[in-house]
Amino acid sequence: MESSDVELDFQRSVQAVLRELNTPTPALQSNRGMWRWSLHKKVERDPGKSSILVRILLRELEKAEREDVRRVLIPLLLTLMYVLTKATGITEDLYHRAYTFCTRLLTLPAPYSTVALDCAIRLKTEAAIPGTLFQRTVIAEQNLISELYPYQERVFLFVDPELVSASVCSALLLEIEAAQEQQTPEACMRHVVSHALQAALGDACHSGALNRKLQASSRRVLEYYFHAVVAAIEQVASEDSPSRLGHLERLEEIYCSLLGPAAARRRCVGDLLQDRLPSTPLPSPYITFHLWTDQEQLWKELVLFLHPRSQLRLSADLEALDLQGLRPDRDLARVSTDSGIERDLPLGSDELPDSSSSEMERAALQRKGGIKKRVWPPDFSMPGSWDGPPGLHRRTGRPSGDGELLPGVSRVHTARVLVLGDDRMLGRLAQAYYRLRKREAKKFCLTPRLSLQLYYIPVLAPQNTEASRKPELGELASFLGRADPWYESTVNTLCPAILKLAEMPPCLDTSRTVDPFILDVITYYVRMGTQPIYFQLYKVKIFTNLSHDPTEDIFLTELKVKIQDSKSPKEGSSPRRKGTAEGTGAELSVCYQKALLSHRPREVTASLRAIGLVLKTIPASDTEVSGFSHCTSPNAASAANCTCLHVSVTEVVKSSNLAGRSFTTATNTFRTSSIQVQSQDQRLLTLWLDKDSRRTFRDVVRFEAGPCPEPCSRSQKSKMAGFHPHGQEREKNTAKSSPLLMPINTFSGVIQ
């Protein structure tokens, strides 16, 4: 195919992606989401045409900038970065052009400037040292051992077997296993060496001879050249002003050592024509498949990722578990015995004595003049990518990822937790996330060493064949699609593809290569989805007896309340008068804090007869909600929405006419930051959390729902209370100002 034909073919594919992005069609259409995948597949099959696609993408980006079409900026930019990560032979002019474009986007508001800054940083590194992004991606995702680049990542795919059919689970597992059978450590090291030499040497690299030599090399030889290539790239990358010429000289030495001087000096045109540039695939990340059957399973898997030797001890009591080197108090516990004045410190006090000295032994045996307290960083409130400012229901930001949360403790591990399912699965994830944060507030073991990233792909439960209603995405998946158009076009479209894959018979012919569409989209999502949207978790206190302590639970999307037909045993058997609304709901006492944009406290109390109510954290539409509170709902995709619950009450309305009394129902809606509901006429309530029948609470007389505060340890609580004369009020206010937010990664966050 001629160059003009190739360029025209790429241009059509890019235009098809843009049309699909700008056309508001349902995500459940089976043909959506294929254009982006097919575009990347064309480049993988013929990597020599990568520069043509890069020019087309840059041309479309510059056109969108001129015409101020911001909707397509992030999708095109992420597509460009994904191509550049895999490509070789990209000229310095194209790198400079892409970098300059990203710097111009820094003047735009978030999330455009946030994504552009991340891309500009990576482009600057890749332009100076070609092949860096590919090498670091493979090392981290495949957990290859390298002292110069110690970062490790893992994708944990969680599926609830009670919510997702067995056929879907089997199809996903077979596709993952089929792809990872080809991704041995030796194959990944060959890919790193081959791609680095091709990216640096360009046409001077005999790629065919290089790949044949690497295929014939032993494991020991592969490891030698792998570490040599990694050292050459990382040492140059660590320099303040990396030299591309010095980097080229080092890789030429490795190339000559690998192929020999005679082979390296050959410049025969015939060899070059026969040596068509082969494809060096970027392996999919290492994915572990888990059926979510245990409440503590997420925490256990994260512990095993950090310290695999803890596996034999996970069956013991979790609270008493010693994580073999992950003890929280060893580095965080300190005792203060000085006055706090610098001049009172003895000379050389900032130098620690030797651990084997007698002075250290005396210090260990001496009783300290104070209590043991946990030392927290001044601005510590759990990882920076997990917390959020007060008053925001959903916000966006850049995950912190690497870096040090505590001095001397590096966060080199990244756990990418991907859950598949509907809103019920997200409710279960919220429960596990809350338990994890609560455990970390007490022991603080995983947080300093692990960056946790959460991802979500909607999968619908099997529908009843008799149901005429078309399947619809869950509330949170629909919101993410409205907030991020690229998520809607890329991730939400996976839902019908996964169901279609489950209906197909398994392919037993392993010799035939099949492009794994679902795995490729999952890989693209976990690699490029770096911008989280934060969701407020809500805590509900459930009373089945007002004289006993309540039961507490967490919900993310919905709390549904219905009136039970049976009455409380405390109610007498006295007959009721005729004319009363027998069996038409219950008399409820409702007390709630009205949600105001000014955040001023305003309490509203009402007594009404209702047959049920629903508390939702995400509004169903962008329209205004009405009711007796007269609150308006901002746009569902707005990051400035205050923390609030959207409450719908189905109220019983009594009316009188010539025919007598009649009872009708009316739905009133209002917004609140917290709410308390109690049955007044001995009628009991039934609660469903996050649409999950397994999380049903019956015989409820009262419940309280409000934002879930960030868990904090007892030492933090005592410290908060100690600095204020009214300790309880201080602790209460602090808890309110630090809500627990759960991030779910998307491509751009909220597009405003």
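When reading the values below, keep in mind they use all heavy atoms of this one structure, side chains included, and skip hydrogens, waters and symmetry mates. Numbers for residues simply follow the sequence, beginning at 1.
- With N745 contributing its side chain and G529 its backbone, the two residues share a donor-acceptor pair below 3.5 Å.
- A donor-acceptor pair shorter than 3.5 Å can be found between the side chains of D553 and Q431.
- Neither side chain, Q678 nor S589, offers a donor N or O lying under 3.5 Å from an acceptor on the other.
- For the pair V419/Y455, no side-chain contact is recorded, criterion being any heavy-atom separation below 4.5 Å from C-beta on.
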Please report the C-alpha distance between V168 and I498 in whole Å, then the side-chain angles of each, then the deciding distance to 0.1 Å, and finally whether the side-chain contact (heavy atoms from CB on, under 4.5 Å) criterion is met. CA-CA 7 Å; V168 172; I498 293 176; 3.5 Å; yes
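- One finds the CZ atom of R702 at 11.5 Å from the CG atom of L685 (value rounded to the nearest 0.5 Å).
- Partners of F703 under the ring-ring contact (aromatic ring centres under 6.0 Å, His included) rule, at least two apart in sequence or in another chain, do not exist in this structure.
- Between R695 and W688, the closest side-chain pair of non-hydrogen atoms is not below 4.5 Å.
- In this structure, P743 and Y534 have side chains that are in contact, with non-hydrogen atoms separated by less than 4.5 Å.
- For the residue pair S674 / Q676, no side-chain donor-acceptor distance below 3.5 Å is found, with atom types taken as modelled.
- R439 forms a cation-pi arrangement with W299, by the criterion of a distance under 6.0 Å to the ring centre and an angle within 45° of the ring axis.
- Of the candidates I457, L460, D422, L420, L460 is the only one forming a side chain to side chain contact (heavy atoms under 4.5 Å, CB included) with C495.
- Here the shortest heavy-atom pairing between L302 and A415 reads CD2-CB, 3.5 Å.
- Distance check, rounded to the nearest 0.5 Å: CD1 of I618 to CG of L480 gives 7.5 Å.
- In summary, E475 and K616 engage in a salt bridge, as defined by a charged side-chain N under 4.0 Å from a carboxylate O.
- Atom CD of E603 sits about 9.5 Å away from atom OG1 of T672, to the nearest 0.5 Å.
- Nearest heavy atom pair, residue T605 against residue C591, reads OG1-SG, 3.8 Å.
- When side chains are defined from C-beta on, M742 counts as touching L556, because their heavy atoms get closer than 4.5 Å.
- Across T544 and R698, no two heavy atoms sit closer than the pair CG2-O, 3.9 Å.
- Between E710 and R437 there is a side-chain heavy-atom pair separated by less than 4.5 Å.
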Does H290 form a side-chain contact (heavy atoms from CB on, under 4.5 Å) with T288? I'd like the steps, not just the answer. CA-CA 7 Å; H290 306 275; T288 57; 2.7 Å; yes
Take F289 and F156 through the test ring-ring contact (aromatic ring centres under 6.0 Å, His included) and record every step on the way to the result. CA-CA 6 Å; F289 188 88; F156 299 85; over 10 Å; no
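- A donor atom on one side chain and an acceptor atom on the other are found under 3.5 Å apart for T686 and Q564.
- Taking each heavy atom of G481 and Y487 in turn, the nearest pair found is N-CD2, 4.1 Å.
- Salt-bridge formation is not detected for the pair E704/K539: no Lys NZ or Arg NE/NH1/NH2 atom is positioned less than 4.0 Å from an Asp or Glu carboxylate oxygen.
- The shortest distance between side-chain heavy atoms of P711 and Y434 falls below 4.5 Å.
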Show the numbers, then the answer: is there a side-chain contact (heavy atoms from CB on, under 4.5 Å) between L298 and V417? CA-CA 9 Å; L298 176 59; V417 177; 3.9 Å; yes
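- Within 6.0 Å of atom NZ in K691, more than 12 heavy atoms from other residues, nucleotides or ligands are found, so the atom counts as buried in its surroundings.
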Evaluate side-chain hydrogen bond (donor to acceptor under 3.5 Å, both in side chains) for E440 paired with T447, printing each intermediate quantity in order. CA-CA 7 Å; E440 284 296 291; T447 304; 2.6 Å; yes
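- When side chains are defined from C-beta on, L452 counts as touching Y433, because their heavy atoms get closer than 4.5 Å.
- Between the side chain of T669 and the backbone N or O of V647 there is no donor-acceptor pair closer than 3.5 Å.
- Atom CG in L304 sits 8.5 Å away from atom CZ in R154 (nearest 0.5 Å).
- At least one donor-acceptor pair under 3.5 Å links the side chain of Y538 to the backbone N or O of C644.
- S648 and H646 share no donor-acceptor pair across their side chains, judged by distance under 3.5 Å alone.
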Could you walk me through whether S679 and E587 pass the side-chain hydrogen bond (donor to acceptor under 3.5 Å, both in side chains) check? CA-CA 6 Å; S679 178; E587 194 73 23; over 6 Å; no
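- A side-chain donor-acceptor contact under 3.5 Å links T696 to the backbone of S693.
- For the pair D692 and K560, the salt-bridge criterion is not met [side-chain N within less than 4.0 Å of a carboxylate O].
- Rounding to the nearest 0.5 Å places OG of S673 at 12.5 Å from CZ of R602.
- Between F479 and F535, the ring-plane angle classifies as perpendicular under the 30° and 60° cut-offs.
- Within the 4.5 Å cutoff, no side-chain heavy atoms of L741 are placed close to those of L537.
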Assess whether salt bridge (charged side-chain N to carboxylate O under 4.0 Å, His left out) is satisfied between E162 and R694, documenting all intermediate values. CA-CA 10 Å; E162 297 185 22; R694 298 170 298 179; 3.1 Å; yes
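- Across all their heavy atoms, A483 and I533 have their closest contact at CB-CD1, 4.0 Å.
- Of all heavy-atom pairs between D294 and R428, the closest is N-NH2, 4.0 Å.
- Other residues, nucleotides and ligands place more than 12 heavy atoms under 6.0 Å from the CD atom of Q680.
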Going through the checks in order, is the side-chain contact (heavy atoms from CB on, under 4.5 Å) test met by L426 and I744? CA-CA 10 Å; L426 288 170; I744 295 181; 4.1 Å; yes
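- The CE atom of M425 sits 5.5 Å away from atom CG of D160, with the distance rounded to the nearest 0.5 Å.
- Residues D690 and T557 have side chains that bring a donor and an acceptor to within less than 3.5 angstrom of each other.
- With sequence neighbours left out, the ring-ring contact (aromatic ring centres under 6.0 Å, His included) criterion links F543 to no other residue.
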